[in-house]
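Have a look at the structure below before the remarks.
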Amino acid sequence: MPSSVQILGTGQLITLSRRLRAAGGPRLRQNMARRIRRAAEPLKGDLQRAIRTQPLVSEGRKRNRRGVIPRGGPSPTRRPLRATLAGGVRISVRQGASPGARVWMDRAALPPDIRNMPWVINTGRVRHPVFGNRSRWATQWARPAGWWTRTVQAGTPRMQAEVERILADVRRDLE
């Protein structure tokens with residue numbers, strides 16, 4: 001299930017944040033925040049790319065009562081699903097008591113009818129009514145499942161290594 005990816009709360013980040021505050025260097029703090037945001041941006045791009053390229057396959061059309069495969073109709077919405085979901089991926093950087101970076105899915109940025117869709121697609125199985133007809137349901141499969149978890153597992157080590165490098169650079173600047 002997608003949640004946020006957080007690099008925060010480590011003792012190094014907390015002590016460094018306190019030292020930055022004591023040094024009174026807003027320029028130094030802004031520089032550190034900007035660099036941490038840049039460290040998280042590749043993961044955000046990977047997550048957006050993963051959802052844009054996630055295949056959703058169906059089991060195909062069923063024959064109707066007369067044995068004929070019916071033709072499809074126009075989409076009930078003109079909004080592209082994957083691009084809309086990709087637009088909901090966000091980054092936030094904090095410098096207060098729990099400094100760090102967070103990559104997360106902003107549900108408020110999604111239309112109300114698809115707010116749970118990132119989590120549903122991550123499970124691998126999407127059930128939905130056919131063109132809004134709640135007496136006919138279709139199942140689509142997101143294969144491979146886990147677009148969020150796979151991408152986060154692949155991108156987190158790179159993000160952590162970059163944050164470690166940033167911390168070392170800022171620590172060197174403070175000394």
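Note that the structure is a prediction, hence the values are computed from the model and not measured. Computed over heavy atoms, backbone and side chain alike; hydrogens, waters and symmetry mates excluded.
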- Roughly how far, to the nearest 0.5 Å, is the CG atom of L43 from the CD atom of Q48? 10.0 Å

- Task: List the atom of R94, the atom of R102, and the distance in Å for their closest heavy-atom pair.
- Result: NH1-CD, 4.0 Å

- Item | Check: W147 side chain, G124 main-chain N or O, donor-acceptor pair, under 3.5 Å | no

- Message: Run the salt bridge (Lys or Arg N to Asp or Glu O under 4.0 Å) test against D106 and tell me which residues pass, sequence neighbours left out.
- Response: R90

- For P111 and T84 the tightest heavy-atom approach is CD-CG2, 3.5 Å

- Task: Work out which heavy atom in P129 is nearest to a heavy atom in R134; give both atom names and the distance.
- Result: CG-NH1, 3.7 Å

- Item | Pairwise distance NE2(H128) to CH2(W137) - rounded to 0.5 angstrom | 9.0 Å

- Query: Under the 6.0 Å and 45° cation-pi test, does R107 pair with W119?
  - Reply: yes

- Query: Under the side-chain contact (heavy atoms from CB on, under 4.5 Å) test, which residues partner R49, sequence neighbours left out?
  - Reply: D46

- Query: Which heavy-atom pair separates R150 from A145 by the least distance, and what is that distance?
  - Reply: NE-O, 3.1 Å

- Message: Less than 4.5 Å apart, side chain to side chain, heavy atoms only: is that true for P118 and L110?
- Response: yes

- Considering residues at least two apart in sequence or located in another chain, which fulfil the side-chain contact (heavy atoms from CB on, under 4.5 Å) criterion with E162? A39, R165, I166

- Between atom CG of L85 and atom CZ of R115, what is the distance when rounded to the nearest 0.5 Å? 12.5 Å

- Query: Going hydrophobic residue to hydrophobic residue with side-chain gaps under 4.5 angstrom, can you get from W148 over to L81?
  - Reply: yes

- Nearest heavy-atom neighbours spanning I36 and A101: CG2-CB, 3.4 Å

- Task: Answer whether the closest heavy-atom distance between the side chains of R82 and L56 falls below 4.5 Å.
- Result: yes

- Does any non-hydrogen side-chain atom of P42 lie less than 4.5 Å from one of R158? yes

- Those residues that, when tested against R127, pass salt bridge (Lys or Arg N to Asp or Glu O under 4.0 Å) (two or more places apart): none

- Query: Should V126 and M117 count as side-chain neighbours, where that means a heavy-atom distance under 4.5 Å?
  - Reply: yes

- Residue set satisfying side-chain contact (heavy atoms from CB on, under 4.5 Å) with A154, at least two apart, ordered chain then number -> none

- Query: For the hydrophobic clusters of this structure (ILVMFWY residues joined by side-chain heavy atoms under 4.5 Å, transitively), does one cluster hold both V120 and I114?
  - Reply: yes

- Query: Can you check whether Q153's main-chain N or O pairs, donor with acceptor, with T156's side chain at less than 3.5 Å?
  - Reply: no

- Minimal non-hydrogen separation, V89 against K44, with atom names: O-CE, 3.3 Å

- Query: Of all residues at least two apart in sequence or in a different chain, which pass the side-chain contact (heavy atoms from CB on, under 4.5 Å) check with E41?
  - Reply: R37, R38, I91

- Message: Is a donor from one side chain sitting under 3.5 angstrom from an acceptor on the other, for N133 and R136?
- Response: no

- Taking the side chain as every heavy atom from C-beta outward, state whether L47 and V152 have any atom pair closer than 4.5 Å. yes

- Message: Determine whether a donor-acceptor pair (N or O, by modelled atom type, separation under 3.5 Å) exists between the side chain of Q140 and the backbone of I121.
- Response: no

